[in-house]
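Read the numbers this way: they start at 1 and go in the same order the structure lists the ligands and their atoms. Source: prediction; values computed, not measured.
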Amino acid sequence: MNRSFPPSLAALALVFAANPAFAVEAPKPKAPEMPPFEVAQPYPNTWYGRFGPTNCSWIDMGDGVLVIDTGATAADAKNLKAEIARTTKNKPIKWIAMTHFHSDSNDGFTTFLPTDATVFVNASATGLIASSIAQGKAKAPHVIGISDHIALVAGKQVFEIGVPAGNAHTAFDLYVFDASTRTVFAGDLVTTDRCPMLSDPDCDIKGWLAILERFDALGARGLVPTRGNPTGNAVPEIEKTRRYLTSMLAFLVEKKKQNAPEARVSGELAAEQLADYCPRELSALNALSVYRRLLSDGTTRPGSAAARPAAK
Ligand SMILES: [Zn+2]
């Protein structure tokens with residue numbers, strides 16, 4: 001089934017336009033501005049919203065709510081919490097899953113503290129999350145570090161929460177898969193119509209490609225990324241990401257075999273068309289960041305995470 005998730009911004013605009021208070025009092029529109037958030041409900045128990053730059057999702061599991069990603073800032077997290085309370089009629093947050101730890105995805109986490117929720121993170125990130133909780137001086141929640149995948153069963157609902165075997169977009173990636181709607185909440189592993197970001201110091205293209213295969217094996221149909229618009233048709237987006245990563249890796253391995261200097265890598269990459277949705281500057285940034293740590297077999301030397309004492 002090819003299903004498009006509803007465009008919520010238009011719906012939101014209609015609500016505002018239909019309200020006389022907004023119609024009469026609204027000031028003249030300034031330059032186009034992104035609203036702080038918008039919310040859509042693709043399935044009866046599932047919502048996602050854009051809070052600041054970040055998509056966050058939540059699922060009503062019956063007697064509690066599963067939240068996926070906590071937003072970029074305390075203000076975004078506050079808006080997210082308010083929307084969760086409004087849409088689920090104040091059901092408690094029982095689970096929080098974090099797709100990775102780039103600040104735009106989960107710096108809002110401490111705003112959720114204290115919480116009775118169980119928190120799921122990549123097992124490599126348990127040290128990071130422990131220090132984040134300690135800084136908040138809040139009652140510590142239960143944290144579960146995942147090193148492969150688990151099934152989260154709540155009532156009749158079954159979710160797979162899993163992680164790559166090693167590094168991928170970062171050292172700390174995690175995905176959530178809703179088996180009933182076959183929707184994957186993919187973090188930044190697939191960003192619809194946006195250039196994949198390979199410049200994290202722990203990025204590993206081979207590991208990233210492997211986790212895309214897991215999404216294939218799961219039969220992912222819906223896709224909610226951290227960045228870009230959610231879609232009911234995950235396959236072409238996963239494929240687009242795979243093509244970009246595969247081409248980038250082949251190009252860089254070839255240059256590595258030639259022992260090419262970085263300037264030549266950058267120059268020759270400009271002549272390549274790896275993906276039309278990737279601006280050249282961004283592709284060059286991606287390429288150089290990986291090239292510096294690349295080994296001739298296509299794997300990468302460990303990045304900064306290996307040096308972090310708290311990391312696994
Ligand atoms: Zn990211």
Side-chain angles (χ1 to χ4, degrees), residues 34 48-57 67-73 76-77 80 96-110 119-126 128-129 132 145-146 161-177 184-212 214-215 220 223-231 234 237-238 240-242 244-245 248-249 275 277-279 281-290 293 300 302-306 308 311:
M34 300 293 253
Y48 60 75
R50 185 166 51 72
F51 296 82
T54 308
N55 297 332
C56 303
S57 307
V67 179
I68 303 162
D69 288 334
T70 55
T73 65
D76 292 339
L80 170 60
I96 297 172
M98 290 192 268
T99 61
H100 64 304
F101 288 86
H102 280 158
S103 59
D104 59 355
S105 298
N106 276 303
D107 267 12
F109 171 65
T110 51
V119 179
F120 297 105
V121 298
N122 185 308
S124 298
T126 45
L128 276 181
I129 197 78
S132 163
I146 296 174
I161 305 180
V163 302
N167 295 0
H169 169 64
T170 70
F172 308 123
D173 299 303
L174 174 150
Y175 65 87
V176 177
F177 178 71
V184 64
F185 300 84
D188 279 351
L189 291 165
V190 183
T191 46
T192 51
D193 286 322
R194 298 193 181 208
C195 192
M197 196 275 249
L198 280 61
S199 52
D200 182 278
D202 294 309
C203 173
D204 183 282
I205 296 180
K206 272 197 163 179
W208 195 330
L209 286 165
I211 201 64
L212 296 184
R214 179 68 192 149
F215 294 169
L223 169 77
V224 182
T226 303
R227 293 302 191 95
N229 290 327
T231 173
E237 295 297 334
I238 294 170
K240 210 157 60 174
T241 306
R242 182 175 7 247
Y244 180 75
L245 294 175
M248 178 65 87
L249 186 60
Y277 63 106
C278 279
E281 316 76 64
L282 206 47
S283 266
L285 191 69
N286 280 341
L288 289 181
S289 175
V290 174
R293 294 181 298 109
T300 41
S304 59
R308 287 176 206 147

Report summary line: Between the CZ atom in Arg50 and the CG atom in Asp76, the distance rounded to the nearest 0.5 Å is 10.0 Å

Requested in this report: Look up atom CZ in Arg214 and atom CZ in Phe177, then write down how far apart they are to the nearest 0.5 Å.
Outcome: 8.5 Å

Requested in this report: Could you pull out the atom name of the N/O/S atom in His102 that is nearest the Zn ion (ligand 1)?
Outcome: ND1

Query raised in the report: Out of the N/O/S atoms in Asp188, what is the name of the one closest to the Zn ion (ligand 1)?
Result: OD2

**Report entry** Angular separation of His169 NE2 and His100 NE2 about the Zn ion (ligand 1), given to 10°
**Finding:** 110°

Query raised in the report: Can you tell me if Asp188 and Thr191 form a side-chain donor-acceptor pair at under 3.5 Å?
Result: no

**Report entry** Under-4.0 Å salt bridge between Lys240 and Asp193
**Finding:** yes

